[in-house]
Enquirer: 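Sharing a structure here in structure tokens format.
The chains referred to below are lettered A, B, ... by the order of the sequence lines, with proteins before strands, and numbering in each begins at 1. No hydrogens, no waters, no symmetry mates; every other heavy atom, side chains included, goes into these values.
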Amino acid sequence: MRILLVHADKFSFRVTGETSVALPAELEKTGRQGEVNEALVAFVAAEKGDEANIASVAEQATGEILSLMSQVSTNNVVLYPYAHLSSSLSSPRVAVRLLDEMCSRIQHNKQLKILRAPFGYYKAFEISCKGHPLSELAKTITPVGPAEEAAEEKESQALKAEKTLQSRWVIMSPGEAQVPAEKFSFEKRPGLSLLFRYEKSGSRLSEEPPPHIELMRRMELVDYEPGSDQGNFRWYPKGQLMKRLAEAYVSDLVTRHGGMQVETPIMYDYQHPSLNLYLQRFPARQYVLLSDQKEYFLRFAACFGQYLIQHDMQISYHHLPCKLYELTHYSFRREQSGELAGLKRLRTFTMPDLHTLAGDIEQAKDEFIQQTDLAIQCMEGFGLDFEVAIRFVSDFAKDHETFIEKIVSRCGRPALIELWDKRFFYFVAKLEFNFIDTQDKAACLSTVQIDVENTKRFDITYVDRKGEKRHPLLLHASISGSIDRVLYAILEAQAMRIKRGQKPAFPFWLAPVQLRLVPVSEKFDDACQKILKQVPYRIDYDDRDITMGRKIREAEREWIPYILVVGAKEVAEGCVNVRTREGAQRKMVLSELLAEIEPQMKGKPFFDLSVPKRLSRCPIFVG
RNA sequence: GCCGGCGUAGCUCAGUGGUAGAGCAACUGAUUCGUAAUCAGUAGGUCGCGGGUUCAAAUCCCAUCGCCGGCUCCA
């Protein structure tokens with residue numbers, strides 16, 4: 001903070017207009033004008049860095065002011081926000097808090113009179129400086145001491161504690177005994193080896209950007225939005241369609257499993273007591289909104305919203321397991337800028353979030369297994385391969401060995417198991433499905449966890465058989481992981497195919513365009529129009545005046561599963577010539593083709609084409 | 001957030017102090033085509049944004065924003 005102190009015979013100000021950071025509530029504190037005779041005038045500018053410890057800065061600044069006031073023996077003080085003292089200003093939020101804090105500290109001495117000028121307004125002022133040796137002083141104040149850093153201290157201690165957490169790594173294969181991870185032979189699971197190394201050492205090398213970034217743009221799916229904050233993307237029609245399909249698919253799986261779908265607010269009161277506690281551990285990671293003097297944070301998961309609902313619900317043991325589900329449009333995490341990576345890690349993302357209340361550990365384990373099955377089914381639907389990691393607190397693992405064996409056998413592949421010597425997080429068991437990308441980096445998709453802490457913290461209860469209130473166990477599950485990240489994984493998986501010289505492809509049900517009609521010339525327009533009407537899938541029609549070679553090339557570059565060529569021969573024979581991703585050409589009657597397609601849509605959602613059917617009418621979104 | 005690299009036409013990029021360029025895309029015209037790029041022409045630029053140095057800045061300097069990589073992080 002910069003502070004300029006002037007001992008004046010007279011001082012007056014009046015508001016002349018509002019700046020872009022004006023807050024109406026400020027005027028209520030100060031009025032639009034003010035005047036005082038014989039006062040110490042403090043011009044103050046809050047600077048970047050002050051927010052680290054507002055209390056400390058306010059205390060020091062107040063100390064300077066009070067001591068000078070007694071030296072020049074005056075009882076009047078003017079607090080005047082004056083941005084021009086610094087070229088590195090703090091946020092308005094911090095500045096206002098500092099001024100408030102200074103004001104209330106000065107007011108402790110009832111003898112003193114404060115004249116305050118509003119923050120965020122243009123003001124005119126008049127001052128007559130006394131001109132004696134103490135009448136003009138400038139100070140720079142920086143935050144010291146631990147007072148408000150308590151929260152950050154807590155965090156770093158929490159992180160320190162996490163680092164001292166002892167882990168043991170073992171591999172468990174279906175139907176086999178555990179093997180220490182170092183001794184496991186990874187030949188058949190190179191992905192699992194990569195996951196283990198990734199988790200253990202954390203060192204990774206890569207020079208190239210992840211390939212999904214180029215793909216997401218070239219395919220006109222998603223793009224950066226320079227007009228927003230980093231890690232907030234724009235979705236073009238084809239990407240939005242894929243996202244919507246993926247969301248519908250996951251939501252259908254979860255609601256069919258018994259998840260009751262709800263919707264909760266995206267922002268919460270920073271001062272809400274139980275939320276505030278929850279936030280303490282991770283104070284630096286929220287988007288914070290200041291609205292009319294109140295602070296809100298944007299949710300980083302659907303947890304709170306659902307906790308608050310569950311807290312208010314009347315639940316008996318008859319209702320358990322009780323499942324609330326939300327597809328969070330959106331969750332927000334203000335990740336450090338260097339941590340953001342394309343669709344893999346965003347600041348704003350969409351995530352399915354299922355919370356299950358379970359009466360006892362047996363019920364929790366049973367649900368855990370069922371939700372594991374659901375996650376496997378989900379990954380299969382997306383065509384994604386994954387590596388399994390399961391993390392346990394050692395004591396829990398010891399008591400529930402058959403449970404672990406069961407999970408591993410459901411996953412049907414060797415799993416990396418991490419065992420902690422003590423419980424550090426809120427959970428005792430956590431299952432993860434990790435996707436290994438083109439750069440051998442791991443990204444967590446599906447997860448299921450058993451939480452033993454939060455129903456107490458949020459006072460979520462059910463009534464048991466004896467009529468007594470009890471805190472249930474809580475399962476957190478994200479069946480697919482973040483939807484954005486699912487798309488990242490799908491694109492990365494295709495980039496791997498390209499690298500191996502194979503043709504990339506989307507799962508048929510997710511392809512933004514499932515079939516494309518390519519007429520040999522515009523003479524066949526009538527025939528094409530007829531076909532368009534008979535195909536109940538996402539089909540478009542390349543009616544542009546370009547050569548057939550070009551049309552085929554572009555359809556291939558868009559990974560369209562079926563290319564339907566229509567020319568004189570086909571019209572004569574009443575069929576279409578079908579070119580598939582494999583490059584095969586087959587003459588087929590339309591009904592044959594439709595019969596071949598049908599099973600690929602089974603159990604999958606369908607939405608219509610999100611762009612014009614005629615390619616000649618399609619605008620270009622990227623390049 | 002820290003360290004490093006990058007930012008020029010819608011896209012991919014060339015241009016290191018002296019008149020802003022190419023390919024693709026777009027537009028116009030010709031062409032009516034049989035399975036991964038038909039031919040010709042036209043138009044398109046505050047060189048990320050803001051300062052500075054210089055007779056002169058895309059080019060040098062400072063600051064800032066964004067992207068990528070590494071570290072960190074990933075409740």
Enquirer: For nucleotides B:rA36 and B:rG29, find the distance between their P atoms and express it as a whole number of Å.
Expert: 29 Å

Enquirer: So which one's nearest nucleotide on RNA chain B is more toward 5', A:Phe332 or A:Asp229?
Expert: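 First, find each residue's nearest nucleotide; the 5'-ward one identifies A:Asp229.
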
Enquirer: Counting distance only, does the side-chain N/O of A:Asn232 pair as donor-acceptor with the main-chain N or O of A:Gln230 below 3.5 Å?
Expert: yes

Enquirer: Nearest heavy atom decides the nucleotide; on that basis, is A:Lys430 or A:Leu340 closer to the 5' end of RNA chain B?
Expert: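 The residue whose closest nucleotide sits nearer the 5' end is A:Leu340.
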
Enquirer: Between B:rG21 and B:rU35, how many Å separate the two C1' atoms, rounded to a whole number?
Expert: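 Per the computed distance, 36 Å lies between those C1' atoms.
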
Enquirer: Counting side-chain heavy atoms from C-beta on, which of B:rG66, B:rG69, B:rA75 comes nearest to A:Pro209?
Expert: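 Shortest atom-to-atom distance from the side chain points to B:rG69.
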
Enquirer: Tell me the partner of B:rG21, counting only Watson-Crick (N1-N3 plus N6-O4 or O6-N4) or G-U wobble (N1-O2 and O6-N3) with both under 3.5 Å; none if nothing fits.
Expert: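 In the structure as shown, B:rG21 has B:rC13 as its Watson-Crick or wobble partner.
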
Enquirer: Main chain of A:Ala302, side chain of A:Asp353: is a donor-acceptor contact present, judged purely on distance under 3.5 Å?
Expert: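 Yes: the side chain of A:Asp353 pairs with the backbone of A:Ala302.
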
Enquirer: Calculate the interatomic distance between A:His212 atom NE2 and B:rC68 atom C1'; express it in whole Å.
Expert: 12 Å

Enquirer: Whole angstrom is fine here: how far is it from CG in A:Leu615 over to C1' in B:rA25?
Expert: 14 Å

Enquirer: In whole angstrom, what separates A:Arg345's CZ from B:rC68's P?
Expert: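 After rounding, the gap between these two atoms is 13 Å.
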
Enquirer: Just to confirm, is there a sub-4.0 Å distance from OP1 or OP2 of B:rC2 to any side-chain nitrogen or oxygen of A:Gln336?
Expert: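 Negative; the distance criterion is not met.
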
Enquirer: Determine whether the aromatic ring centres of residues A:Tyr488 and A:His212 are separated by less than 6.0 angstrom.
Expert: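 Yes, they do, as the ring centres are separated by less than 6.0 Å.
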
Enquirer: In whole Å, what separates the C1' atom of B:rG50 from that of B:rG66?
Expert: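 Rounded to whole Å, the distance is 15 Å.
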
Enquirer: If we ignore angles and hydrogens, is there a donor and acceptor under 3.5 Å between the side chains of A:Asp451 and A:Gln449?
Expert: no

Enquirer: For B:rC3 and B:rG45, measure between their C1' atoms and round to the nearest Å.
Expert: 33 Å

Enquirer: Using the P atom in both, what is the distance from B:rG23 to B:rG5, to the nearest Å?
Expert: 32 Å

Enquirer: Less than 4.5 Å apart, any side-chain heavy atom of A:Glu225 and any of A:Phe233?
Expert: no

Enquirer: Taking a pair as Watson-Crick or G-U wobble with both distances under 3.5 Å, which nucleotide is matched to B:rG66?
Expert: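 Across any shown strand, B:rG66 pairs with B:rC6.
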
Enquirer: Check every strand shown and say whether A:Phe621 touches a base, only sugar-phosphate, or nothing at a heavy-atom separation below 4.0 Å.
Expert: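 No contact.
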
Enquirer: A:His355 pairs by side chain to side chain donor-acceptor pair (under 3.5 Å) with which of A:Gln306, A:Lys323, A:Gln310?
Expert: A:Gln306

Enquirer: Ring centres under 6.0 Å, that's the criterion: do A:Phe304 and A:His272 meet it?
Expert: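 Aromatic pair excluded; centres sit 6.0 Å or further apart.
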
Enquirer: Distance between the C1' atoms of B:rC27 and B:rG10, in whole angstroms?
Expert: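 Those two atoms are separated by 13 Å.
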
Enquirer: May I ask you to say what A:Arg218 touches in the nucleic acid, namely base, sugar-phosphate or nothing, with a heavy-atom cut-off under 4.0 Å?
Expert: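 It contacts nothing in the nucleic acid.
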
Enquirer: Should A:Leu298 and A:Tyr330 count as side-chain neighbours, where that means a heavy-atom distance under 4.5 Å?
Expert: no

Enquirer: With rounding to the closest Å, how many angstrom separate the P atoms on B:rA58 and B:rU8?
Expert: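 Taking atom P in both B:rA58 and B:rU8, they lie 15 Å apart.
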
Enquirer: Closest to the A:Arg217 side chain: B:rC68, B:rU12, B:rA75?
Expert: B:rU12

Enquirer: Considering Watson-Crick and G-U wobble pairs with both distances under 3.5 Å, what does B:rG1 pair with?
Expert: B:rC71

Enquirer: Hey, which of A:Lys344, A:Arg345, A:Arg333 is the one that makes salt bridge (charged side-chain N to carboxylate O under 4.0 Å, His left out) with A:Glu339?
Expert: A:Arg345

Enquirer: Quick one: what's the B/S/- string for nucleotides 30-37 of chain B, heavy-atom cutoff under 4.0 Å, read 5' to 3'?
Expert: -BBBBBBB

Enquirer: In Watson-Crick or G-U wobble terms, both distances under 3.5 Å, what is the partner of B:rA58?
Expert: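 WC or wobble partner does not exist here.
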
Enquirer: Does any nucleotide pair with B:rG34 by Watson-Crick or G-U wobble geometry, both distances under 3.5 Å, and what is it?
Expert: none

Enquirer: Kindly say if A:Lys441 contacts the phosphate of B:rG69, meaning a side-chain N or O under 4.0 Å from OP1 or OP2.
Expert: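 It does not, given that no N or O in the side chain of A:Lys441 lies less than 4.0 Å from OP1 or OP2 of B:rG69.
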
Enquirer: How close or far is atom C1' of B:rC67 from atom CZ of A:Arg347, stated in whole angstroms?
Expert: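 From A:Arg347 CZ to B:rC67 C1': 13 Å.
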
Enquirer: Take atom CG of A:Leu215 and atom P of B:rU12, then tell me their distance rounded to the nearest Å.
Expert: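 Going from A:Leu215 (CG) to B:rU12 (P), I get 13 Å.
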
Enquirer: For atom P, what is the distance between B:rG69 and B:rA63, given to the nearest Å?
Expert: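 The answer is 25 Å between these two P atoms.
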
Enquirer: Can a donor-acceptor pair be found between the side chains of A:Thr264 and A:Glu326 at a distance below 3.5 Å?
Expert: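 The answer is yes; a qualifying pair exists.
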
Enquirer: Tell me the interatomic distance from A:Arg333, atom CZ, to B:rG1, atom P, rounded to whole angstroms.
Expert: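 Result: 19 Å.
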
Enquirer: How many whole angstroms separate atom CG of A:Leu343 from atom C1' of B:rC67?
Expert: 14 Å

Enquirer: Find the distance A:Arg391:CZ to B:rA75:C1' and express it as a whole number of Å.
Expert: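 Checked: the CZ to C1' distance equals 13 Å.
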
Enquirer: Which is true for A:Gly583 with a 4.0 Å heavy-atom rule: it touches a base, it touches only sugar-phosphate, or it touches nothing?
Expert: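 The answer is nothing, as A:Gly583 stays clear of every strand by at least 4.0 Å.
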
Enquirer: Who does B:rU28 pair with, Watson-Crick or G-U, both distances under 3.5 Å?
Expert: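 Pairing partner: B:rA40.
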
